[in-house]
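Take a look at the structure below.
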Amino acid sequence: MVGALFEPRAFHPSQRLPTGSASGAVIGDIIVARVVFGAQSFRRDRDLIARTPDHLLFHLYNVGGFNGLISGHQTTIWSSQVAIIDLAQEVDTLAASSDTISLIVPKALLPGITDTPLPPRLDPIRNRMLVAHLIALRERSALIEEPDVDEVVTKTLDFLKALLDPARVSDIVETPTLATDPLSLAEQAIRSNLTSPDLSPESIANEIGVSRATLYRMFAPYGGIMRSVQERRLLAIRAALSDPLETRRLSRLAADFGFNGKVHFSRSFRAQFGITASEFRAQQVALAQKEQRTDLDVLHDWWPRLGTRS
């Protein structure tokens, strides 16, 4: 996908740096993908713009970042920030080795949003909301069933419309559709801290500004707060095992997501999904080997056709 959107050039011609690799999913008329690439520059000039669709690219940098020109602004983006790139505008950046999540949305699905120039990045509050949404969408993308596609796309578009509408900037924090109710904020806090060993009812309650008793009541219908935390961690590990770019051992993944031991993790994964983690990973490897084309090929094919479904 990187090569389709931009003309990448390695910093040093003598180094054999990869253009990029991706694993992702086409969800209706949008694309969400994890994209990993080595240090290089990216350029999107008028000729490339004329030859390719000018969708919107929301680019979350989990690791790495870049400095350069996007949407007419000299911009620096680093870890935990989302670059908002209008692909009708020229791009000329220098990027560090990066691990990113990309969301590509046709402009036709967001009418009126680009009537005025989009900022290259949002204020901290809205950036945090966008980060949480992109991470959750990427995690869920491998598990979305066909009947749920339209609902997922609609919710994502509604979220982006509210987030990017200049008329709603002043009251954006109070907008229910942007996940600012206490339960949604708690779920967001869980997603943002899944790998933290300090994630606890106390830390979640403090982060969202409620008492621990209130937090317990909020999650009682879902089997309790710590059960919800464990389910989110298991879903994140399952998403990682579905990712062909993920190379960590099962024991490392379990430890990274807060499980205290291999036995506890193995039992929990099997109880949640009806299959062991090693069996699930083997299934994903077999599927990847059976597939003739790479995810990058699929994204290259679908990018020009986004938004053209009848």
Side-chain angles (χ1 to χ4, degrees), residues 1-7 22 24-35 42-60 69-73 75 77 82-91 100-122 126-127 129-138 140-141 144-169 172 175 177-179 295-310:
M1 184 175 63
V2 176
L5 299 178
F6 307 104
E7 294 175 352
V26 179
I27 308 172
D29 285 323
I30 66 177
I31 289 175
V32 62
R34 179 186 175 195
V35 183
F42 293 98
R43 185 167 181 264
R44 186 168 169 82
D45 58 18
R46 301 311 304 179
D47 179 65
L48 188 56
I49 291 169
R51 290 187 285 110
T52 57
D54 59 351
H55 304 317
L56 293 179
L57 170 63
F58 301 89
H59 210 187
L60 164 62
L69 186 71
I70 61 172
S71 301
H73 296 273
T75 305
I77 298 286
V82 181
I84 301 175
I85 303 176
D86 183 342
L87 294 173
Q89 305 295 321
E90 294 188 43
V91 174
T100 69
I101 294 175
S102 294
L103 172 64
I104 303 177
V105 181
K107 290 181 181 178
L109 301 183
L110 296 170
I113 293 300
T114 57
D115 290 347
T116 57
L118 291 173
R121 63 172 179 264
L122 299 174
R126 288 188 297 163
N127 180 79
M129 293 177 180
L130 185 52
V131 167
H133 188 90
L134 293 181
I135 291 173
L137 184 62
R138 170 64 183 133
R140 189 181 173 195
S141 62
I144 296 173
E145 302 290 341
E146 184 62 32
D148 300 323
V149 166
D150 287 344
E151 180 182 2
V152 171
V153 172
T154 297
K155 287 185 176 180
T156 294
L157 296 177
D158 288 345
F159 171 82
L160 293 173
K161 289 172 186 175
L163 195 76
L164 299 174
D165 186 350
R168 301 174 68 175
V169 170
I172 205 75
T175 307
T177 58
L178 292 184
D295 283 315
L296 195 57
D297 293 328
V298 173
L299 297 179
H300 280 169
D301 287 349
W302 270 94
W303 176 50
R305 291 188 282 157
L306 288 182
T308 62
R309 292 191 305 164
S310 59

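This chain uses plain numbering: 1 for the first residue, then up along the sequence.
Taking CZ of Arg34 as the reference point, atom CG of Leu60 lies at 11.5 Å (rounded to 0.5 Å). Distance check: Leu137 CG to Ile135 CD1 gives 11.0 Å after rounding to the nearest 0.5 Å. Interatomic distance, CG of Leu134 versus CZ of Phe58, reported as 8.5 Å (0.5 Å rounding). The CG atom of Leu57 sits 4.5 Å away from atom CD1 of Ile85, with the distance rounded to the nearest 0.5 Å.
Ile113 meets the side chain to side chain contact (heavy atoms under 4.5 Å, CB included) test with Leu110, Leu118, Leu164; sequence neighbours excluded. Legend: residues meeting side chain to side chain donor-acceptor pair (under 3.5 Å) with Thr156, ordered by chain and number and at least two apart, are His133. By the side chain to side chain donor-acceptor pair (under 3.5 Å) test, Glu151 pairs with Lys155, sequence neighbours left out. Shown here are the side chain to side chain donor-acceptor pair (under 3.5 Å) partners of Asn127, two or more places apart in sequence or in another chain: there are none. Under the side chain to side chain contact (heavy atoms under 4.5 Å, CB included) criterion, Ala132 pairs with Gln188, Arg191, sequence neighbours left out.
Two residues are said to be in side-chain contact when any heavy atoms from C-beta on lie closer than 4.5 Å; Ile27 and Val32 meet this criterion. The shortest distance between side-chain heavy atoms of Leu160 and Leu103 falls below 4.5 Å. A heavy-atom distance below 4.5 Å is not found between the side chains of Leu87 and Pro53. Contact of the Ile70 side chain with the Gln89 side chain is not registered, since no non-hydrogen atoms from C-beta on lie closer than 4.5 Å. Side-chain contact between Val82 and Leu122 is absent, with no heavy atoms from C-beta onward closer than 4.5 Å. Residues Leu56 and Ile84 form no side-chain contact, since every pair of their non-hydrogen atoms from C-beta on lies 4.5 Å or further apart.
Heavy-atom minimum distance, Leu48 versus Arg44: CG-NH1, 3.9 Å. Val105 approaches His55 most closely through the heavy-atom pair O-CB, 3.4 Å. Taking both residues in full, the closest heavy atoms of Asp54 and Lys107 are given as O-CE, 2.9 Å, listed atom of the first, atom of the second, then distance. A pairwise comparison of heavy atoms in Gly28 and Val149 identifies N-CG1, 3.4 Å as the closest pair. Of all heavy-atom pairs between Ser102 and His59, the closest is OG-CD2, 2.9 Å. Contact detail for Ala88 and Arg46: the closest heavy-atom pair is O-NH1, 3.2 Å.
In this structure, Arg121 contributes its side chain and Ile77 its backbone to no donor-acceptor pair below 3.5 Å. For the pair Thr100 (side chain) and Val35 (backbone), a donor-acceptor distance under 3.5 Å is present.
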